[in-house]
Protein chains: 2
Amino acid sequence: MKSPTELTEAFRATGLKVTPQRQLLFRLMHGNTMHPTAEVLYSEASAQMPGISLRTVYQTLTDLASMGELRLIDVGAGAVRFDPNVDEHHHVICQGCGDVRDVYVAGSQALHIEGLDGFSVDSTSILFHGSCASCA
Amino acid sequence: MKSPTELTEAFRATGLKVTPQRQLLFRLMHGNTMHPTAEVLYSEASAQMPGISLRTVYQTLTDLASMGELRLIDVGAGAVRFDPNVDEHHHVICQGCGDVRDVYVAGSQALHIEGLDGFSVDSTSILFHGSCASCA
DNA sequence: TGCTAATTAGCAATTCATGCAAATTAGCAA
DNA sequence: TTGCTAATTTGCATGAATTGCTAATTAGCA
Ligand SMILES: [Mn+2]
Ligand SMILES: [Mn+2]
Ligand SMILES: [Zn+2]
Ligand SMILES: [Zn+2]
């Protein structure tokens, strides 16, 4: 994801307004490696801006996602998680505490896939299930 | 997943009753490669047994899953899908029609994972996103 | 400073799934 | 076969996550 300053320019350049709510979310997401849910971001945002609505958090996150600034990750645990890391990477989820961490996988493009009859593959998501150091 | 006959024995052996509803779902799921959702199974079941409840469909499917007879797959598209194929395999989903197909991936255990600090991996789910032959 | 289109907030609605309790029934024992 | 009882099924309420809708607000520009 771009920096808050770059996003500010990018938004204005597209005719989108730069509101305090959006700026706050730019800051909360930039460099965030926690893979937070909308609810988590809402509570973090509320601490700094009481009165911000959950609806706006969802709105802004999906806007950023459709601009390609965020990725949505579904780890099969209820709520979707938002990821400012748009590099090619994958995830491990701790089955104990739900913590999600980035992992980089070598050779995922070269996987030999059998049974793909007629299907063409655009992208690959790998989710490793396991335990973090604390939950082990 | 075991055959309906084997499941009948397995249920009775555990003190679980074999009801007509359960038998119908055993039949609907056995060898089913569609990765149906609970709603889909409910409508198929309703065609053969009007009055069966969606609640019972969910109940039976999760019972089968906790017995290890079914796998739950979350393809990030709303409802969970149920899979009687409990062999080590992965999935492709067509982004056009939502069709999910089984794929077998060679070498997934040997993937070189970077960034796993402290995490231990128990299992791996690979989801390929793409287009089926009809939607291409 | 004023205008206006974009945005926000709040609440309703939706979707998927689980909790609960009354009514029903499979499986067994007499 | 009959009756008992614990397991199961239903139907409905509830919950969690997300989106739809719209009146009120506001950023950005003239
Ligand atoms: Mn990530
Ligand atoms: Mn499968
Ligand atoms: Zn953990
Ligand atoms: Zn398709």
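Here is how names work: the chains are called A, B, and so on, in the same order as the sequence lines, proteins then strands, and each is numbered from 1. Excluded from the calculations below are hydrogen atoms, water molecules and symmetry mates; all remaining heavy atoms, backbone and side chain alike, are included.
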Atom [atom1] of [X] to atom [atom2] of [N]: distance rounded to whole Å?
X: B:Leu61; N: D:dT8; atom1: CG; atom2: P; result: 15 Å
X: A:Leu24; N: C:dA9; atom1: CG; atom2: C1'; result: 16 Å
X: A:Leu16; N: D:dG28; atom1: CG; atom2: P; result: 10 Å
X: A:Arg12; N: C:dA5; atom1: CZ; atom2: C1'; result: 16 Å
X: A:Gln21; N: C:dA6; atom1: CD; atom2: P; result: 17 Å
X: A:Glu39; N: D:dT19; atom1: CD; atom2: P; result: 13 Å
X: B:Leu54; N: D:dT9; atom1: CG; atom2: C1'; result: 13 Å
X: B:Tyr58; N: D:dG11; atom1: OH; atom2: P; result: 16 Å

Worksheet entry | Ion pair check, A:Arg101 and B:Asp117, cut-off under 4.0 Å | yes
Item to complete: Using a strict 4.0 Å threshold on nitrogen-to-oxygen distance, state whether A:Arg22 and A:Asp63 make a salt bridge.
Response: yes
Scan every strand shown for a Watson-Crick or G-U wobble partner of [N], both distances under 3.5 Å, and answer none if you come up empty.
N: D:dA30; value: C:dT1
N: D:dT18; value: C:dA13
N: D:dT9; value: C:dA22
N: C:dC28; value: D:dG3

Worksheet item: Below 6.0 angstrom between ring centroids: does that apply to B:Phe128 and A:Phe119?
Response: no
Fill in: Residue mapping more 5' on DNA chain D - nearest nucleotide basis, A:Val80 or B:Arg22
B:Arg22
Discussion item. Suppose we screen for side chain to side chain donor-acceptor pair (under 3.5 Å). Which residues come up paired with A:Thr62, at least two apart in sequence or across chains?
Written reply: none
Fill in: A:His89/A:Asp83 under side chain to side chain donor-acceptor pair (under 3.5 Å): CA gap, chis, key distance, verdict
CA-CA 11 Å; A:His89 72 287; A:Asp83 192 350; 3.0 Å; yes
Practice prompt. Give one of base, sugar-phosphate or nothing for B:Thr19, where a contact means two heavy atoms less than 4.0 Å apart.
Written response: sugar-phosphate
Practice prompt. May I ask you to evaluate whether A:Ser53 reaches the phosphate of C:dG10, defined as a side-chain N or O under 4.0 Å from OP1 or OP2?
Written response: no
Item to complete: For A:Val18 and for B:Val18, find the nucleotide of DNA chain C with the closest heavy atom, then tell me which residue's nucleotide is more 5'.
Response: A:Val18
Discussion item. Please compare A:Ile52 and B:Thr37 by the position of their nearest nucleotide in DNA chain C and report the one closer to 5'.
Written reply: A:Ile52
Discussion item. Looking only at the side chain of A:Arg55 (C-beta and beyond, no hydrogens), which of the listed nucleotides D:dT9, C:dT8, D:dT19 gets closest?
Written reply: D:dT19
Discussion item. Can you tell me which nucleotide in C:dT8, D:dT10, D:dT26 comes closest to the side chain of A:Lys17?
Written reply: D:dT26
